[in-house]
Amino acid sequence: MCSDKMSGRESRGLDDPPNSRLFILCQKGTTEQEFRDSFDQYGTIEDIWIIKDKRTNEDRGIAYIKFSKTSEAMQAMEEMNGKALPGSTKGLKVVVANSKRDGSTRDPREDERLVRLFVIIPKSFNEQNLQDEFSKFGDVENVTVLKDRSSGENKGFGYVRFFRPIHAALAYENCDSSYRPKFAEPQRSRDERDEIENHGYTGAGQKRMYEEDFGGFHGNYNMDSTGFQGFRPGSNSGGPGPREMLADYSTTSSTSRLVIQAPIGLTQGYLVKLFSLIPGMEYCDLNETTGIAYARYSSPQCAAYARDKLHGFEYPLGSALHVQLAEDSARQEYPMNVDSGYASGYGNSQFGNYGQSSFGLDSMDVRQKAAMILEKAGINPQNLLNLSSASSSGLGSVGDGRKERVLYCNVSLPPPQPTVQDDGKNLAQRLFIVCQPSGVSERVLKDAFCRFGNLIDVYLLSGRNYGYAKYASKESAMKAIDTLHGQSLGGQKIKVLEAEPPKAHQGHQGLQGDEGPSKKQRL
DNA sequence: CGACGGGACGC
DNA sequence: CGACGGGACGC
């Protein structure tokens, strides 16, 4: 966001590639040639600069050496730090130079920045796969595969920590480009994250929860600036005040976390809006594949209050939020088996009847506000879910008894089927999907396309109305075309065609190694 | 022991 | 017409 590239004023080479410039403390009077004689064995030196006092021209015993590659700089640093140049008695101090923008502040996490990579990985990877892939570059201290908290599904990226900077640099330069390696920002402490929240700014360029995709309904909404902007966790943004909560919920629970089962079609952004109605919300994360979300409040009282106000909230019509207090040691109380391998596993009738009759008048207040937020955002449940066509032909099973009506589609679909793991070798058919006029949420897509069996993955390109479905069986893919082409999903007309072969050789090819391009890879 | 110059004529 | 993704660690 604020990189050298965008300032236009600073040269773009100083920290490109990352960590390729060294900062050196040395004996005063050391010449550029003396540095060159000792450092050029490690690689291509692009620049040597010896600092002198601007006024007195006095040597300050400081130098910068810029290498063309990160690994060259790391090798030089590891070998030259602490060593004395020929004819000198003073040991050099050799560290990675800060960017000009960061100035001279010494970062205690400096070493952390040199040994840890952030990488994009296949969904099929586990920790062992990741470690095996990167151990070829050096000794790996540990790896992390990020997973969805509720489903345990690999989120598609991870961290690799090496013992030595040189090994991290070699991995950065030589790993397959599909890993898109970056040197990881050191993880922030809880206090630092809170500080960022309060100031609404992050120097690391990370998106804040409240700024994330509010377009989950993909075109059928208008960004709402009335109901949400300016909200901060813990503030009183229209919900009942903290006093009321403390009065009513002082002794009711011991957990601050909630487990939420959201109806299909409801996205992260809107769920955050809804649960932000209750003061004290700290986070609210939805897995749009499973519909399971976790929220945390600043106190058990707030959490209990949120549960009572939003449990059973019915919007759009025909589906309801299911909200429970999360007991950390009580996974069996979750509303469904979150470890199942099903992309969906439920349709439109998984909820009991959480009618509003069982709630008091004060709970109506929050619900009305919640409904207003969604309405002001331009959500049209009729359009989204095709309720009119669904209800006119009757919900529930039809015809042969194998197919069922779902709220988001205009035709009956087979029941959900398990998806299959992407092992990099099982791709049998790719489909090209176009949604018109705009996109459809990933959750709706997965729920629809998994119903023909053997679905590996389905996605739209980010910000686009087209994408791909990958099947491990050609027959399943053809059934998807037969049933879904020309139909309507989430209010959008969709085209489903056999995909052309990919333009470029790209992306992860799995773990099969060196057997060369196969027929399947060209699908 | 601790921090930022000079050069560039290239889309 | 519409053709090749993904991105940050929380309990």
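Every heavy atom of this structure was used, including side-chain atoms; hydrogens, water molecules and symmetry mates were not. In the text below, chain A, chain B and the rest are named by the order of the sequence lines, each starting its count at 1.
With hydrogens and angles ignored, no donor-acceptor pair under 3.5 angstrom links the side chain of A:N154 to the base of C:dG6. With hydrogens and angles ignored, a donor-acceptor pair under 3.5 angstrom links the side chain of A:K495 to the base of C:dG2. For A:N465 against C:dG2, no side-chain N or O and base N or O form a donor-acceptor pair under 3.5 Å. At a cut-off of 3.5 angstrom, the base of C:dC11 holds no donor-acceptor pair with the side chain of A:R296. Donor-acceptor pairing under 3.5 Å, judged by distance alone, is absent between the side chain of A:R60 and the base of B:dC4.
Protein atom CG of A:L14 is 14 Å distant from nucleotide atom C1' of B:dA8, rounded to whole Å.
Salt-bridge annotation for A:R430 and A:E498: absent, with no side-chain N of the basic residue lying under 4.0 Å from a carboxylate O of the acidic one. By the 4.0 Å N-to-carboxylate-O rule, A:E32 lies close enough to A:R36 to be salt-bridged with it. The pair A:E79-A:K83 fails the salt-bridge criterion, with no side-chain N (NZ, NE, NH1 or NH2) lying under 4.0 Å from an Asp/Glu carboxylate O.
The side chain of A:S462 contributes no N or O atom lying less than 4.0 Å from OP1 or OP2 of C:dG5.
Both A:K147 and A:V119 lie near DNA chain C, and the one whose nearest nucleotide falls closer to the 5' end is A:V119.
For C:dA8, the base is stacked against the aromatic ring of A:F118, per a cut-off of 5.5 Å between centres and 30° between planes. The aromatic ring of A:W49 is not stacked on the base of B:dC4, since the criterion of ring centres less than 5.5 Å apart with planes inclined by under 30° is not met.
At the heavy-atom level, A:K54 lies under 4.0 Å from the strands shown only through sugar-phosphate atoms. Contacts of A:I433 with the nucleic acid, taken as non-hydrogen atoms under 4.0 Å apart, are absent. Counting non-hydrogen atoms under 4.0 angstrom, A:Y468 reaches a base of the nucleic acid.
Within the 3.5 Å criterion, the main-chain N or O of A:A84 finds no donor-acceptor partner in the side chain of A:S88.
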